[in-house]
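Below is one structure, written out as structure tokens; comments come after it.
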Amino acid sequence: MSKQWWKEAVCYQVYPRSFYDANGDGIGDLRGVIEKLDYLQWMGIDVIWMSPMYDSPNDDNGYDIRDYKAIMNEFGTMADFDELLEEVHSRGMKLIIDLVINHTSDEHEWFVESRSSKENEKRDWYIWRDAKEDGSEPNNWASIFNGPAWEWDDTTQQYYMHIFSTKQPDVNWENPDVRAALYETMNWWMDKGIDGFRVDAISHIKKVDGFPDMPNPNNEPYVDSFDGHMNRPGIHEYLQEMKENTLDQYDVFTVGEANGVRMENPDDVAAWVGEQHGVFNMVFQFEHLGLWSKDSEQKLNVPAVKEALSKWQYGLESLGWNALFIENHDQTRVVSSWGNDEEYWARCAKALGTMYFFMKGTPFIYQGQEIGMTNVQFDSIDEYDDVSMRNFYKQEMDKGVPHEEIMPIIWESGRDNSRTPLQWDGSKNGGFSTADRTWMKVNPNYPSINIERQQDDPDSILSYYRKMIEVRKQFDTLVYGNYELLDTDDRVFAYVRKSQNETFTIVVNLSENERALPAIKDAELVLANVDSEVSSTLKPYEARVYRTKE
């Protein structure tokens with residue numbers, strides 16, 4: 001496989017609303033990102049992926065775009081963005097931005113026109129359908145954000161489709177004018193000089209013809225609709241057309257959010273991410289997420305995670321490239337959900353980082369992951385912002401489920417766990433903002449978990465992440481070497497990365513008990529998260545990286 005700069009890069013996801021507030025209004029902004037670029041450079045980051053900064057009413061934190069070519073007022077101006085891009089490039093780093101083209105905001109001018117009348121020339125830019133005879137929704141599809149996937153419009157007496165929030169109507173990809181307008185938008189940003197896109201929800205752009213009802217054996221009001229819009233046959237015609245009209249014209253790096261892409265279908269995977277003809281350089285796949293249980297003794301289903309991640313490692317070996325991640329803005333904090341954020345907090349955060357970071361692929365770090373930020377437990381639903389969890393809370397309350405039973409589910413699975421402000425230091429609001437009130441409360445543990453406290457501590461999680469980046473950049477084998485899963489204890493994740501002249505063995509104990517260490521001969525220990533004598537057993541959450549010269 002060819003060598004590429006993006007294969008050797010380490011990426012960092014910035015969620016601008018929670019990253020750093022430069023103007024003291026309680027909301028992170030573009031100037032805040034500019035002010036903290038030196039920190040990211042110090043860490044060793046090569047590529048910054050920034051979540052949406054476009055003009056938006058913020059129903060879903062910027063993933064509901066009102067104007068693709070304007071910056072959200074709270075975040076600053078286009079001049080601020082241009083300066084950010086220049087400052088990133090001046091440090092030898094690259095910037096990719098979120099591309100959201102499955103849906104827009106209902107306040108986007110296209111949708112405002114579309115809903116103005118059935119005769120409007122943009123009516124067919126979105127998906128409109130009549131009610132059933134009884135006045136109900138056109139089908140029984142549920143929204144991914146709970147409730148129906150359809151919203152009634154009084155003005156034109158039809159429903160429009162929204163597989164996410166009611167304020168995120170799906171655009172109609174069947175319409176060539178829509179596609180042309182989206183391609184023009186992509187090219188506009190690439191002409192500005194961005195280095196690529198993370199493409200949001202792109203596997204949902206093709207809907208099943210006729211929008212049939214989904215099977216409903218339990219007679220639910222609305223049922224899971226993924227089969228109707230996730231990675232449907234015919235999607236690749238759209239994706240190839242998009243690639244030809246946009247990405248092929250520029251030297252950019254792309255990663256698609258591709259829920260529903262499964263390694264069991266290699267032809268489909270090749271069309272998504274194959275090095276020869278794939279649309280994207282890599283995709284975020286989700287088969288390893290959600291593999292934790294509520295069993296307090298062993299949260300993580302380690303064998304299932306090993307199987308899911310290894311399947312993609314082997315499947316893409318001579319085909320394409322992996323995007324490696326364990327956290328993002330839609331997931332909970334991994335040290336809380338997959339590990340132990342109390343007794344073994346620091347060691348566990350390092351172990352989980354080691355587990356994924358040295359696989360074959362490009363590693364992504366989500367802001368705060370590098371200091372072991374944890375899940376949060378706010379008492380009131382009013383302190384949460386996540387539209388899906390607020391919808392869920394209302395839905396459960398309407399059923400008569402008490403508040404005390406709903407909140408633990410939100411604490412465990414809500415997206416706001418990863419969206420609390422980044423904890424920079426031990427001062428007010430964790431150093432994120434000088435405001436009296438921040439857009440979301442800071443996790444109360446910020447005095448003990450923050451960047452400043454870890455920056456000069458050689459044993460900190462942050463120092464360990466810097467060391468992982470340094471080690472990966474030092475050895476080509478950790479980028480391009482072959483992957484092989486080792487047969488070990490169920491709770492030990494061990495694999496090798498091999499090239500002609502060296503082998504790296506990565507061993508991680510993902511349990512709270514001591515485990516046997518696989519036999520490793522004539523090896524140099526290059527990284528470890530436990531500073532102890534090298535023994536034949538692994539302590540709880542101990543991780544080691546060995547190098548053997550051939």
Side-chain angles (χ1 to χ4, degrees), residues 4-25 27-56 61-63 65-101 183-200 246-255 281 329 362-367 370 421-422 424 431-433 451 455 466 469 473:
Q4 302 280 356
W5 68 264
W6 42 265
K7 293 179 180 178
E8 299 166 15
V10 174
C11 306
Y12 186 98
Q13 183 188 355
V14 166
Y15 197 71
R17 181 166 289 271
S18 293
F19 188 67
Y20 183 67
D21 170 21
N23 66 359
D25 64 356
I27 299 167
D29 44 49
L30 296 184
R31 298 222 67 81
V33 182
I34 293 169
E35 286 187 27
K36 297 296 186 180
L37 287 177
D38 288 345
Y39 164 71
L40 298 179
Q41 186 179 25
W42 169 84
M43 261 186 77
I45 298 303
D46 303 294
V47 177
I48 298 166
W49 153 30
M50 194 160 63
S51 288
M53 68 292 149
Y54 312 94
D55 175 39
S56 167
N61 267 351
Y63 284 89
I65 296 172
R66 182 163 47 202
D67 185 344
Y68 284 107
K69 297 177 182 176
I71 300 296
M72 194 185 306
N73 285 337
E74 296 164 325
F75 287 175
T77 65
M78 191 60 77
D80 292 326
F81 179 87
D82 292 340
E83 184 179 338
L84 170 63
L85 187 60
E86 190 178 320
E87 291 290 338
V88 168
H89 287 161
S90 73
R91 287 168 175 79
M93 298 189 289
K94 295 181 185 289
L95 181 69
I96 67 171
I97 63 175
D98 241 304
L99 178 67
V100 187
I101 48 178
Y183 303 159
E184 188 275 332
T185 298
M186 292 170 66
N187 291 334
W188 188 86
W189 279 101
M190 289 187 287
D191 286 341
K192 188 178 269 291
I194 63 155
D195 300 293
F197 296 110
R198 176 267 188 183
V199 191
D200 180 72
T246 59
L247 306 175
D248 282 351
Q249 316 301 317
Y250 300 85
D251 178 20
V252 289
F253 157 55
T254 55
V255 53
N281 297 133
H329 63 290
T362 298
F364 286 74
I365 299 165
Y366 176 69
Q367 64 181 49
E370 76 274 21
L422 185 53
W424 289 96
F432 161 72
S433 172
I451 289 167
Q455 213 155 1
R466 278 191 85 206
I469 293 170
K473 289 184 176 179

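Values in this document were obtained by computation on a predicted structure and should not be read as measured data.
Residues P52 and G62 approach most closely at CB-O, 3.2 Å, considering heavy atoms. The two residues M72 and S56 come nearest to each other via the heavy atoms CE-CB, 4.0 Å. Considering all non-hydrogen atoms of both residues, I96 and R198 come closest at CD1-N, 4.2 Å. When all heavy atoms of N23 and D21 are compared, the pair lying nearest together is OD1-OD1, 2.8 Å. Scanning both residues, G431 and Y20, for their nearest heavy atoms gives O-CE1, 3.3 Å. Minimum heavy-atom separation, I48 to M93: CD1-CE, 4.2 Å.
Remark: side-chain polar atoms of N281 are not paired, donor with acceptor, to backbone N or O of V255 under 3.5 angstrom. Using a distance-only test at 3.5 Å, with no hydrogens or angles considered, no donor-acceptor pair links the side chain of Q13 to the main chain of F364. Side-chain N or O atoms of Y54 include one that pairs as donor or acceptor with a backbone N or O of D98 at under 3.5 Å. A donor-acceptor pair is defined here as one N or O able to donate and one able to accept, closer than 3.5 Å; no such pair exists between the side chain of K192 and the backbone of L85. Judged by distance alone, with hydrogens and angles left aside, the side-chain atoms of D29 form no donor-acceptor pair with the main-chain N or O of G76 at under 3.5 Å.
Other residues, nucleotides and ligands contribute more than 12 heavy atoms inside 6.0 Å of the CG atom of D191. Other residues, nucleotides and ligands contribute more than 12 heavy atoms inside 6.0 Å of the CD atom of E184.
For the pair I71/L30, a side-chain contact is recorded, criterion being any heavy-atom separation below 4.5 Å from C-beta on. Looking only at side-chain heavy atoms (C-beta outward), V14 and K36 stay at 4.5 Å or farther from each other. For the pair I101/M186, a side-chain contact is recorded, criterion being any heavy-atom separation below 4.5 Å from C-beta on.
Put simply, the residue from D195, D200, I194 that forms a side chain to side chain contact (heavy atoms under 4.5 Å, CB included) with F197 is I194. Partner of V88 under the side chain to side chain contact (heavy atoms under 4.5 Å, CB included) criterion, out of L95, I45, V47: L95 alone.
Here the CD1-OH distance, from I469 to Y12, works out to 10.0 Å after rounding to the nearest 0.5 Å. Annotation: the span from L422 atom CG to S433 atom OG amounts to 12.5 Å, rounded to 0.5 Å. Between F75 atom CZ and F81 atom CZ the span is 12.5 Å, to the nearest 0.5 Å. Note that the CZ atom of R91 and the CG atom of L37 stand 5.0 Å from one another [nearest 0.5 Å]. Of the inter-residue distances, the one linking M43 atom CE with Q455 atom CD reads 10.0 Å to the nearest 0.5 angstrom. With values rounded to the nearest 0.5 angstrom, T362 atom OG1 is found 9.0 Å from E8 atom CD.
Here W189 and Y68 keep their ring centres 6.0 angstrom or further from each other. Aromatic ring centres of Y39 and W424: separated by under 6.0 Å.
For the pair R31 and E83, the salt-bridge criterion is met [side-chain N within less than 4.0 Å of a carboxylate O].
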For this session: Start with the C-alpha gap between M50 and L84, add the side-chain angles, then the distance that decides, and say whether side chain to side chain contact (heavy atoms under 4.5 Å, CB included) holds.
Result: CA-CA 11 Å; M50 194 160 63; L84 170 63; 3.7 Å; yes

For this session: Could you walk me through whether N61 and H329 pass the side chain to side chain contact (heavy atoms under 4.5 Å, CB included) test, one step at a time?
Result: CA-CA 10 Å; N61 267 351; H329 63 290; over 6 Å; no

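Using cut-offs of 30° and 60° for the angle between ring planes, the F253 and W6 rings count as parallel.
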